[in-house]
Number of protein chains: 4
Amino acid sequence: MNRILAAVMPGPGLPIEIREFPQPALEVGAAMLSVTLSEVCGTDVHLHSGRLANVPYPIIPGHVSVGILSEIRGSLVDVDGRRLREGDFVSFLDVHGTCGRCWYCAVAHATTRCPQRKVYGVTYGVEDGLAGGWAQTIYLKPETRCISLELPNPETFMAGGCSLPTALHAVQRAEISIGDTVLVLGSGPVGLSIIICSLLRGANRVLCIGGPAARLRTALKVGAHAALDFLEHQDTEQIEWVHQLTHGRGADITLEATGDPTAVAKAMRCTRDAGRVVVVGQYTDHGEVPFNPHLDLNMKHLEVRGCWGADFSHFYRAAQLMSDTRFSTRWSLIPLKRYSLQNAGAALASVAQGADHKALIDPHLPMA
Amino acid sequence: MNRILAAVMPGPGLPIEIREFPQPALEVGAAMLSVTLSEVCGTDVHLHSGRLANVPYPIIPGHVSVGILSEIRGSLVDVDGRRLREGDFVSFLDVHGTCGRCWYCAVAHATTRCPQRKVYGVTYGVEDGLAGGWAQTIYLKPETRCISLELPNPETFMAGGCSLPTALHAVQRAEISIGDTVLVLGSGPVGLSIIICSLLRGANRVLCIGGPAARLRTALKVGAHAALDFLEHQDTEQIEWVHQLTHGRGADITLEATGDPTAVAKAMRCTRDAGRVVVVGQYTDHGEVPFNPHLDLNMKHLEVRGCWGADFSHFYRAAQLMSDTRFSTRWSLIPLKRYSLQNAGAALASVAQGADHKALIDPHLPMA
Amino acid sequence: MNRILAAVMPGPGLPIEIREFPQPALEVGAAMLSVTLSEVCGTDVHLHSGRLANVPYPIIPGHVSVGILSEIRGSLVDVDGRRLREGDFVSFLDVHGTCGRCWYCAVAHATTRCPQRKVYGVTYGVEDGLAGGWAQTIYLKPETRCISLELPNPETFMAGGCSLPTALHAVQRAEISIGDTVLVLGSGPVGLSIIICSLLRGANRVLCIGGPAARLRTALKVGAHAALDFLEHQDTEQIEWVHQLTHGRGADITLEATGDPTAVAKAMRCTRDAGRVVVVGQYTDHGEVPFNPHLDLNMKHLEVRGCWGADFSHFYRAAQLMSDTRFSTRWSLIPLKRYSLQNAGAALASVAQGADHKALIDPHLPMA
Amino acid sequence: MNRILAAVMPGPGLPIEIREFPQPALEVGAAMLSVTLSEVCGTDVHLHSGRLANVPYPIIPGHVSVGILSEIRGSLVDVDGRRLREGDFVSFLDVHGTCGRCWYCAVAHATTRCPQRKVYGVTYGVEDGLAGGWAQTIYLKPETRCISLELPNPETFMAGGCSLPTALHAVQRAEISIGDTVLVLGSGPVGLSIIICSLLRGANRVLCIGGPAARLRTALKVGAHAALDFLEHQDTEQIEWVHQLTHGRGADITLEATGDPTAVAKAMRCTRDAGRVVVVGQYTDHGEVPFNPHLDLNMKHLEVRGCWGADFSHFYRAAQLMSDTRFSTRWSLIPLKRYSLQNAGAALASVAQGADHKALIDPHLPMA
């Protein structure tokens, strides 16, 4: 059969549909990826609620995927110059088209803010081809960056999935010192990956404020030393809890990964004077919130760093971690749930409700 | 005559009074400084309005001063180990008592947040002795850090005064690159010193949003390339103005030195993606203000750094700059106005209204 | 009995002797520490061979020790302001007297280069009192920085001992990223601690070149991924080995901890272009060695950082690590051997020959 | 006339010859640059002596040039997205072909070590086309990065020329603080640009050790505070001179720009403890030299940074500086000498002898 099935999001709020696409012809440097698994993440929820700008609906969601290279036209090499072959099991960086030549790329070295930057499954839509992972096959455009994976099983990589490069970028920007107490706000996939990466990076203790209870149990399982349910404690209690665990000073480093704008001022209040806050959970616009510039920032001599996206280096390091069981076992504690293409809408609903830790689309699952 | 006159602030809102103090006996390591000039700055205005915490009223204000060492008990050495002598013309670091032993000093290396830290003229009061500069003489406690100055005249140092170490700390924390466009919010003494220091540090262009008009003229005189009056333009116009001058991107670096909490979110909006904001103007609590964590911080991949106080290294570098006419001439463009001890209240009122660029107490001016 | 026994090093090359000292009277702020264990380290070997400058022989060696506070005159508080009590089990920072006021301390913030800095057991001699750990009791001068330890047993702390703060400083200066391949030159106590700390700090793989074989086995046990005996392979083979394990590029980060000056150029050659080398093993002068500024440094765009001493923050973090079995178990794999005071000379000889991994003086062991 | 004249270096040691080339056909994205001026620099001397690796002789030297775009095929845009036009006066980054995709580019972010990187006039030879500046016309390959210049005259840009991006990279890597004393070793074009950039970046004083006398006079003219002739003083005297001018401590920052490998150890010895050395003068292999790892590096807690090449950001900032007379006037103090194409060999000889400060090829000068 020559038709390719994909789950399409026609527009904000509209139900996900299965559509058929013809087999595309390949340009030189392009390849087809037969999808093994593709992620359903918080970004997809935002896409469905219409909260992201510049999305060319209809789109095939799914920005982080693993699969098998089923066809390559011309030569495809990895970052070490090794040639990739048909049949290789790979993942690819969802970010594509970063130009390397504009002012942000070439002068500011801030490539995640390149205006040419596109993201498979987010800012590439159906018009751009089979450019999302909730499909039987993805069309990998020329210059897409693939990494060949040697793993015990495909889930290994997806347990980190799209949250891991984001978490690695945030933790890199956090500059944790050996011995620091790190606070993580949020216990979704990004929060959980940040907990693990903070421990890998030398944190003495990691505290987590998140929810619901099942996710907090996972937070403790992957290594957090203490966890507090934000649904059961008011902000002042949460801040007090952190201070009690840190000699009254607050955390050395706080990483915010909640999606809730009020968490940003809370992050500042939970952090010790001359500490550091990384804000990585505010990927969509939820409006303005209040903060106190004197008490929360200036008098504290605090440093607050926004963190947007990830680049190839983070994706590369994510693949390194996941290819080594010493590291990947920590992520294997995060429960995964598979959905068929036909059930992509249900997967999305489950992620929106926080019912699943992490949902995956498996296009080989029977559709009915 | 053995009585020492000083201008005393009895409490918030109360008029400044002249009081007489007896000549104190010196401990070993202490010294008496016969005041030549002492500054009246924005902090003193805040002290008078009761906006600073932990102030032990009544106090003798005046934290940055120059004068002549009139008496030394024991040995007093400078940072290079050179012995200071009676008759030397010196200034001293207003910060005293930083312990070097607490967790903030010894583990976090964040000495400006040491809980033992005291400031002459601010957190030392009359109970602590002659510990402020609006007086004929200051009692320099043991371990006070003096620097001997060789200057054409006393005003040279005071033109930088207490704003310069603060500005040096802020500019150091801003990490300007050669070629950057720097935006300074505020045109008071700290703002003006930041303009000059940003240029010294390699800024290609410095823009200033401040007021009133006379201060903006001074901003241009000391080197700003363009200036905008915040009283005559709304926030959106100000932000638009910055973007027009920066290829639509915003400033590479913004330093906030206004005292107005709404300036902090404005600083973020005036700065380019992946740029940096230093907040140094929020020394007192003016309550909460709104900002947008997604648009102002996370999506911009922005870095925001609070900056509190200064340490000896900033004071030392300030004295270096002021001892070299290549640098001090830039500050000599800032108009100074002298007041007698008796007119300290008038000086304070003038600074509160922004009428003077910088007011100085000269205890040798006739009192009547 | 009121006499205190100590092992004294009368001068370079002279045999260690047991001497008796009278019980000293305590100044205010001083304390007596009844020694439980004190370390015999490479520095002591250098002291005995006369390779260190400014050593006031005769000295009581032993700079890192643990013991029980047997007497306190006045109040002794720790860094968190908690009062220490007689009977507490503590260690103390061997560095004492850093002035906080000189140019290096106050302007350069380079406190390990303070000219006033003294080290117990190294630059304090018998003239300065009971100022070394190879003794029944140490006299802790006022301003000595103690940390109270809660440990399963005294060995726990000494397994890190004096090597750990040094290693923490070096690893902090190395700025390892998650995923890096780290090369450690040297497998003595500092090298072993660097291996563990590099893993704690996110290294993906740690390679070790050292010897003899027993130490390399320990290197592998504490987490190194591969080890090579420098006695059995020439420099070119060693460099080739590293390149083979790193896609031909060299290690991302190399930490030199050997004591052999030729290891410094080798470190550069084993490191990838734009990587980083930290030199922490050159504590004594072994003369000049050749290197190639073009090939080893400039063309490689390499960064080489000397690392001298440690400060309280490193000691504090060392104590944190050792107070937590998650971390201390890694160090517990390093074999320790105890010697009586009388056998201090034998301990020294054993360390000099690399026969013991780490030797400790236990003044409670029977002397005969 | 349709023939293009160029000065060709046939191989190491062989005389420069004038050759004629046919007018090439342009690929899409390529352009022809009618050369106004092209530089003769130290690299060209090294090329002629055969000291650089991977040079595809015969070559047309001349890596930094200015000229007029005489023909553009397709669209050519600058970094801000503005379209360049035929007739525009431009310069271009000599580095070409950095891939953005290899491990050095994409993971290490060390683009100056990209193996694909090529340099006009150095690693592009006659086989690659008209790829050097000592010619009437340069063929600008697609993806060459041009900057449009608005200058009073062409010399303005060339006074910085190829030394300025190199100097900017080195000074950026030096992380000078306001108030630092900077030592520059070398007074050739790179050394002189480093002197000016160090002052722009906040150095309080810049010392220079170089030669011959005429260049030292220029060093003082562009802002150095003191200069010493290395031909007239031995190394020990030079080191002593620096210490005398720096309270016996050494320079805070030293930048080496000499080409002489013995200058690297000297740079370490002239720098204060915990200071920083940037090595930017070792572009060719002059063999091994001795240094003392204990005294020169480890005990000093010194940081030594190699610095290779420059990227577009440095070139962009160089063009910014030269487009503003506030900055360019400093460089205009460096004497330039023009040579015809026919006299390129004489220009090279003059630069080799240090007779000219800076030599330029002007292809419009009459040949005879």
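Since this is a predicted model, take the numbers as computed values, not measurements. The chains referred to below are lettered A, B, ... by the order of the sequence lines, with proteins before strands, and numbering in each begins at 1.
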Check each atom of [X] against the heavy atoms of chain A and say whether the ones under 4.5 Å are side chain, backbone, both or neither.
X	answer
B:Val289	both
B:Asp252	side chain
B:Val278	neither
B:Thr284	backbone
B:Leu295	side chain

From [X] [atom1] over to [Y] [atom2], what is the distance, rounded to the nearest 0.5 angstrom?
X	Y	atom1	atom2	result
A:Arg272	B:Trp103	CZ	CH2	3.5 Å
B:Trp308	A:Leu297	CH2	CG	11.5 Å
A:Tyr104	B:Asp273	OH	CG	4.0 Å

Minimal non-hydrogen separation, A:Ala274 against B:Ala110, with atom names |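 Scanning both residues, the minimum pair turns out to be CB-CB, 3.4 Å.
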
I'd like to know which of [options] tops the heavy-atom pair count under 4.5 Å against chain A.
options	answer
B:His109, B:His301, B:Gln282, B:Met299	B:His301
B:Glu288, B:Glu256, B:His247, B:His286	B:Glu288
B:Ala108, B:Cys307, B:Pro261	B:Cys307

Find out whether A:Lys300 and B:Arg113 are in side-chain contact, i.e. whether some heavy atom of one side chain is under 4.5 Å from a heavy atom of the other.
->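 Of all side-chain heavy-atom pairs linking B:Arg113 with A:Lys300, none is under 4.5 Å.
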
Heavy-atom distance under 4.5 Å to chain B: side chain of [X], backbone, both or neither?
X	value
A:Val264	side chain
A:Tyr283	both
A:Arg173	side chain

